[in-house]
Protein chains: 2
Amino acid sequence: MYIHIFVTMRIEDEIKQEKFSSEYTKLLINLVYTGNRISFKTNEILKEKNLTLQQYNVLRILRGQHPDPATVNMIIDRMLDKMSNASRIVDKLEIKKLAQRTMNKEDKRCADVLITSKGLALLNELDEKVKVSEKSVIHLTIKEVKTLNDLLDKLRG
Amino acid sequence: MYIHIFVTMRIEDEIKQEKFSSEYTKLLINLVYTGNRISFKTNEILKEKNLTLQQYNVLRILRGQHPDPATVNMIIDRMLDKMSNASRIVDKLEIKKLAQRTMNKEDKRCADVLITSKGLALLNELDEKVKVSEKSVIHLTIKEVKTLNDLLDKLRG
DNA sequence: ACATAATATATGTATATACATATATTTGTA
DNA sequence: TACAAATATATGTATATACATATATTATGT
């Protein structure tokens, strides 16, 4: 017989830190820690398909544009981690035939990046799995999720 | 004359995504994006001192134990990113003379890790700067920060 | 038109990271 | 006691990342 007890575990206990110098410091740590926790679960699903989280996100950006192409600059603009190297992520997607680069006719500096049908199919396959996993790892009511989203939006000012 | 207008910017607008498939998906992206945003600011401060965010966090874990030593295992347990390589982060801290390893007398497998006085001084120097920076980048009242912390704690279940 | 600045992307390089595996030591057990 | 399992840490290796710089193209000012 298994008994599951879900209790709210404070971040202090979770990472065994006595106390934080301020609620603000605690928030940063809480954000990063919680983000990592959820990402980790998603990552496990992506690993089966040989995708990194970054590649997955870029692929979703490309799908958002489809059937129009995106440019590398557009991808950088929409990526979660602005510092990372969009060009080389597109390289990886191209190698896997999930995306394709073509030269932009109007501006030869730009590379048009298009998701392939293989890319679309892969995302399609992943969508439901990822959604279910995310939902199962987030122990909140839909109302709380909305509050959280609003607070995070406000946080960034 | 400068006029600052702070408006709440939804994550949809921020990363220019039309809509999310669910509030849960939005939350994951919102968390990672917001965490990155705050980390980025902190990182800028740390860069001046030639520290990575990870090294900084480990250093703070060591200070939390001081004057007792920590072990590498203890560090892994308390790190935000469980996947990363605590042993090699300690390597880096040792090279910079910010921490020191000695062999544990009771259990020769364990490495006792102690923050040095140089390490303590560096943290001391950074504390205030980091706190001010974090506070300035988090556009929330203290009450909202607390709500956010509580929600994140609950999220993890 | 021409030089210069700005823009979009790619690439070189050092470092960091994830993951698998190796090594050393301790614990449990027959 | 001897031997397998567990534990703590370190290390090899492939890949990812950050940052600086290079290259190609387009926009701008005179």
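Keep in mind that what you see is a predicted model, and the values were worked out from it rather than measured. So you know, we letter chains A, B, ... as the sequences are listed, proteins then strands, and number each from 1.
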Output yes when at least one side-chain N/O atom of B/N104 is less than 4.0 Å from OP1 or OP2 of D/dA8, else no. no
Could you state the atom-to-atom distance from CD of B/Q55 to C1' of C/dT15 in whole Å? 10 Å
Pairwise distance CD(B/Q65) to OG1(B/T71) - rounded to 0.5 angstrom: 8.5 Å
Give a yes/no on whether any side-chain N or O of A/Q54 is located under 4.0 angstrom from OP1 or OP2 of D/dT17. yes
A/L51 CG to D/dT15 P, in whole Å, measures 15 Å
B/R88, nearest nucleotide to its side chain (from C/dA8, C/dA10, C/dC19): C/dC19
Between A/T116 and A/L98 (side chain of the first, backbone of the second, donor and acceptor by atom type, cut-off under 3.5 Å), is there such a pair? yes
Between D/dT17 atom C1' and B/L53 atom CG, what is the distance in whole Å? 14 Å
Starting from P on C/dT9, measure out to CD1 on A/I75 and report it in whole angstrom. 8 Å
Between the side chains of B/R156 and A/N30, is a donor N or O closer than 3.5 angstrom to an acceptor N or O? yes
Applying salt bridge (Lys or Arg N to Asp or Glu O under 4.0 Å) to B/K41 and not counting sequence neighbours gives none
Can you list every salt bridge (charged side-chain N to carboxylate O under 4.0 Å, His left out) pair that touches residues 62-72 of chain B, not counting sequence neighbours? B/R63-B/D127
Taking for A/T52 and for B/T71 the nucleotide of DNA chain D with the nearest heavy atom, the one nearer the 5' end belongs to B/T71
Passing option when B/V58 is tested against B/I89, B/V113, B/I115 for side chain to side chain contact (heavy atoms under 4.5 Å, CB included): B/I89
C/dT23 phosphate, OP1 or OP2, under 4.0 Å from B/R109 side-chain N/O: no
Point-to-point distance, once rounded to the nearest 0.5 Å, from OG1 of A/T34 to CG of B/L152: 4.5 Å
Would you mind telling me which of C/dA8, D/dT26, C/dA10 lies closest to the side-chain atoms of A/K108? D/dT26
CD1 of A/I76 versus P of C/dT9: gap in Å, rounded? 7 Å
C/dT25 P sits how many Å from B/K105 NZ, rounded? 14 Å
Tell me whether the OP1 or OP2 atom of D/dC19 has a side-chain N or O from B/K47 closer than 4.0 Å. yes
Rounded to whole angstrom units, what separation is found between the CE atom of B/M103 and the P atom of D/dA10? 11 Å
State the CG-CG distance between B/L51 and B/N57, to the nearest 0.5 angstrom. 10.0 Å
Would you say A/R101 places a side-chain N or O within less than 4.0 Å of OP1 or OP2 belonging to C/dA10? yes
Heavy-atom nearest nucleotide on DNA chain D for B/N43 versus A/E106: which residue maps closer to 5'? B/N43
DNA chain C contacts among residues 91-99 of chain B, heavy-atom distance under 4.0 Å: B/K92
Nearest whole angstrom, please: distance from the C1' of C/dT25 to the CG of B/D107. 7 Å
If the cut-off is 4.0 Å, is A/N85 near the phosphate of D/dT17, judged by side-chain N/O to OP1 or OP2? no
